[in-house]
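In the text below, chain A, chain B and the rest are named by the order of the sequence lines, each starting its count at 1.
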2 protein chains.
Amino acid sequence: MSAVLSLGEVSGRPESRNWLNTIIKGDCVAALEALPDKSVDVIFADPPYNLQLGGELTRPDQSKVDACDDHWDQFASFEVYDAFTRAWLLACRRVLKPNGTIWVIGSYHNIFRVGAIMQDLNFWILNDIVWRKTNPMPNFKGRRFQNAHETMIWASRDANAKAYTFNYEAMKAANEDVQMRSDWLFPICNGGERLKNDDGDKVHPTQKPEALLARVLMSSTRPGDIVLDPFFGTGTTGAVAKRLGRNFVGIEREQDYIDAASARIDAVEPLGATELTVMTGKKAEPRVAFVSLIESGLMKPGTILSDARRRVSAIVRADGTLVSGVEAGSIHKVGARVQGLDACNGWTYWHFDDGQSLKPIDVLRSLIREDMAKAG
Amino acid sequence: MSAVLSLGEVSGRPESRNWLNTIIKGDCVAALEALPDKSVDVIFADPPYNLQLGGELTRPDQSKVDACDDHWDQFASFEVYDAFTRAWLLACRRVLKPNGTIWVIGSYHNIFRVGAIMQDLNFWILNDIVWRKTNPMPNFKGRRFQNAHETMIWASRDANAKAYTFNYEAMKAANEDVQMRSDWLFPICNGGERLKNDDGDKVHPTQKPEALLARVLMSSTRPGDIVLDPFFGTGTTGAVAKRLGRNFVGIEREQDYIDAASARIDAVEPLGATELTVMTGKKAEPRVAFVSLIESGLMKPGTILSDARRRVSAIVRADGTLVSGVEAGSIHKVGARVQGLDACNGWTYWHFDDGQSLKPIDVLRSLIREDMAKAG
DNA sequence: AATCCTACTGAATCGTGGG
DNA sequence: ACCCACGATTCAGTAGGAT
């Protein structure tokens, strides 16, 4: 079974990390306070939604809807819920690395309060993501629109944390080569994935689908990252993290949920390194200085470069700068000046003649990068 | 031109309503305070989003993105924005009829604060609606998911206000005969619908598509209702309200927007009554007592009724009650008892044999209702 | 064997009107 | 205010048994 730690067993010493890939049993805020500062890369939080349900709800066939009326979802007032929310978000903030990000999922019952508090605590919202359900529960009384989605807030630690992980190219490739949008379509957690106890009842009333977590982790973490889930429940976050080669830490109060999560995670087979290689765009690739083309002999000083239509030309100087008429400077700056623009990507703007046709100098950069990759 | 009222011209006397189908020029809160209590059916509000833009944003081709950097979208802090939001929401609340509803649209920059404040002010959220854009602006820097949606909150005045308007049947009919979901797909406003000035520049930076407003008003208002828009802008709400046979009131500070809105609304041709007839369900039809079937001779005492499969039968008594075995009572109560359920719609459960087949007694109720309609 | 029928279920702030 | 009768209202999917 996956290790389960009681609160007293958690080592707060940064070098220990005995809490890695374990479930910490205890209150969310107390457990968070046992973890060291700036120790996790990403947090996924699925807090109580504070549904304020009235009486019972029946379907048109008079069957009863099995509502989420668990004690842990009950709060006396908005004030109490807000205080709870502020406490766990603040504790999360301390544990999060400076360039880490946090995801919080909710519905209209709670997500507005959560989002406002996140902003108040200086988290910087990067996106709100809509999980569109393919198969939501209908509105049985015909008094509202069918509540067919939930909302996730994705935020960095603060507005200045620019170096958070976002696997833009991988998301784009996974989405027919267009940018991944802020609305995602997934079925609710059903069928074989849904954990049931011996009586055939669901173990947890609000188990999230693994596909949702997989997209969250694939987009905002790298293999080996540490993912914290302060409301672990039956461990969807842990199961997906393990499968995707990420480390997890879960916090959970209820022993039933811990037992189910632990067994579930044990059964997960991690994917191999090849499957996990994240598609990266140019951003993640090493920077190449234009001068290194000259240094490596791929480009000779004095070479004449031009734009794709040979309307503008420039001469390569030995120091890696370019001259075009009166303009001199980097490939980017000169490219911008000759076009009268503020900026320009010189790698794609400037071309060289290889004897047959004009090719962008970017192809030479690719050769350099291949060499860099071989060198490890 | 549509009438434009200055603040002093607004009549606060309930019987005057000289502000109907006008644009009130002035500050939002001040103008709201000039309107009488409980005087509007629905409010649609598109408040400033408080975008906190950093520097300029350029596309990959180095063209500049024309951001919404207007003075009215600038707030010094979250506190200032919150105070502003609370003030206009509170003013709206007083003006709203007890069974009225309010729509507020926003993005992740402001919608969480707005939603939390709405809850604090005791508005009762009915749905959050996601407007999915078919053609959102891309994320040019590749650092986030494409922000492809905006969020609307639909709320009643308080939790006890149950008699708000929701045209459930019309929405369902408009959606391939399944319930309308909380995620709506529309293009952003451009092309001929987008108002441009003589220079070809857009008149308003955030003009909303008429299709969005049309669904809002078709779902939550009836012809003749009064729709208030406290941030009228270029009058999309007014134009759609007029077209759909609803009355509008707009509040706007900027003369340029007022001029554009006024001319725009003048050009709108209202639809006729036939086109505007709202599809309704059984809920809207008059109640019929089962005994009136007997009184009118459509059903004779002693008739034997059964369920659709002839598994259960019952005898009609002269007083409009039913007997089935030991159970006796109304068609609903006996229907529930014989099925072991808490409730049952006797009109659809019980059937009679017309010599050819079993028909639900509901067809007889329809005949009664036809007679009632003829009689006026 | 393939198809059909029935039962069940999912984070739900889910009615109206007369006495 | 509460109480109670009336009677309106569901989509996608899974599971298992019947045809």
Give every residue pair that meets the side chain to side chain donor-acceptor pair (under 3.5 Å) criterion with at least one member in residues 280-297 of chain B, sequence neighbours excluded.
B/K282-B/D362
Given atom NZ of A/K196 and atom P of C/dT9, what is their separation to the nearest angstrom?
8 Å
Between A/D201 and A/K196, does at least one N-O distance fall below 4.0 Å, as a salt bridge requires?
no
Apply ring-ring contact (aromatic ring centres under 6.0 Å, His included) to the pair B/F123 and B/W154, showing each step before the final yes or no.
CA-CA 9 Å; B/F123 285 106; B/W154 181 42; over 10 Å; no
C1' atoms of D/dG7 and C/dC14, separation to the nearest Å:
15 Å
Determine whether A/I188 and A/Q207 make a side-chain contact, defined as any pair of heavy atoms from C-beta on separated by less than 4.5 Å.
no
Exactly one candidate in B/N127, B/D128, B/D183 meets side chain to side chain donor-acceptor pair (under 3.5 Å) with A/H149; the answer is B/D128
Any side-chain heavy-atom pair from A/R59 and A/V65 closer than 4.5 angstrom?
yes
Give, for atom CE of B/M171 and atom CZ of B/F166, the distance between the pair rounded to the nearest 0.5 Å.
7.0 Å
At 4.0 Å (heavy atoms only), tell me whether B/I125 reaches a base, stays on the sugar-phosphate, or touches nothing.
base
Is B/D158 reaching over with its side chain to a backbone N or O of B/N122, donor-acceptor style, under 3.5 angstrom?
no
Integer angstrom distance from the P of C/dA12 to that of D/dA8:
25 Å
Expected output check: what is the dot-bracket annotation of DNA chain D, where ( ) and [ ] are pairs inside the strand (brackets for crossing ones), | is paired with another strand, and pairs are Watson-Crick or G-U under 3.5 Å?
.|||||....|||||||||
Could you state the atom-to-atom distance from CG of A/L53 to P of C/dC14 in whole Å?
7 Å
Is there a donor-acceptor contact under 3.5 Å from the side chain of B/H351 to the main chain of B/Y349?
yes
So does B/E150 pair up with B/R132, basic N to acidic O under 4.0 Å?
no
Residue B/K38 excluded, over 12 heavy atoms near NZ under 6.0 Å:
no
Quickly work out the B/K333 NZ to D/dG7 C1' distance and round it to whole Å.
12 Å
Would you kindly check whether a donor in the side chain of A/K133 faces an acceptor in the base of C/dA11, or vice versa, at under 3.5 angstrom?
no
Salt bridge present between B/R310 and B/D353 (N-O < 4.0 angstrom):
yes
Is the A/F232 to A/Y257 ring centre distance short of 6.0 Å?
no
I want to verify a distance call: between C/dA11, C/dA12, C/dG15, whose nearest atom is closest to the A/L51 side chain?
C/dA11
B/H332 NE2 to D/dC4 P, straight-line distance once rounded to whole Å
18 Å
Should the pair A/R243-A/E210 be classified as a salt bridge under the 4.0 Å nitrogen-to-oxygen rule?
yes
Rounded distance in Å - CD (B/E285) to C1' (C/dT16)
16 Å
To the nearest angstrom, how far is B/M180 atom CE from D/dT9 atom C1'?
18 Å
Which value, in whole Å, describes the distance between the P atoms of nucleotides D/dA15 and C/dA11?
15 Å
Along DNA chain C (nearest heavy atom to each residue), the more 5'-positioned of A/I188 and B/A163:
A/I188
Check for me whether A/R113 meets the cation-pi criterion with A/Y81, that is, NZ or CZ under 6.0 Å from the six-membered ring centre and within 45 degrees of the ring axis.
no
Classify the nucleic acid contact of B/R181 as base, sugar-phosphate or nothing, counting any heavy atom under 4.0 Å across all strands shown.
nothing
Taking the six-membered ring for Trp, is the centroid-to-centroid distance between A/H109 and B/W124 below 6.0 Å?
no
Apply ring-ring contact (aromatic ring centres under 6.0 Å, His included) to residues A/W72 and A/F231 and explain how you reach the verdict.
CA-CA 11 Å; A/W72 48 254; A/F231 305 97; 9.2 Å; no
Contact letters for nucleotides 10-19 of chain D, in which S counts primed atoms plus P, OP1 and OP2 and B counts the base, heavy atoms under 4.0 Å
BBSSSS----
Residues within residues 300-317 of chain B bordering DNA chain D, heavy-atom distance below 4.0 Å:
none
Rounded to whole angstroms, how far apart are CG on A/D69 and P on C/dA11?
13 Å
Please work out if A/P209 contacts a base, only the sugar-phosphate, or nothing of the nucleic acid, heavy-atom cut-off 4.0 Å.
nothing
Output the rounded distance in Å from CZ (B/R287) to C1' (D/dC4).
12 Å
Within the 4.0 Å heavy-atom criterion, would you say A/G55 contacts the bases, only the backbone, or no part of the nucleic acid?
base
Give A/S107 one of three labels, base, sugar-phosphate or nothing, depending on what nucleic acid heavy atoms sit under 4.0 Å from its own.
nothing
For DNA chain D, determine which residues of residues 334-354 of chain B have any heavy atom closer than 4.0 angstrom to one of its atoms, and list them numerically.
B/A343, B/C344, B/N345, B/W347
Which listed nucleotide (C/dG15, D/dA8, C/dA11) is nearest to the side chain of A/R143?
C/dG15
Is the Lys NZ or Arg CZ of A/R143 less than 6.0 Å from the centre of B/Y164's six-membered ring, within 45° of the axis?
yes
Expected list for residues 113-124 of chain B near DNA chain C, using heavy atoms below 4.0 Å, is B/Q119, B/W124
How would you label the contact of A/D73 with the nucleic acid (heavy atoms, under 4.0 Å): base, sugar-phosphate, or nothing?
base
NA contact type, A/D46, heavy-atom cut-off 4.0 Å: base, sugar-phosphate, or nothing?
base
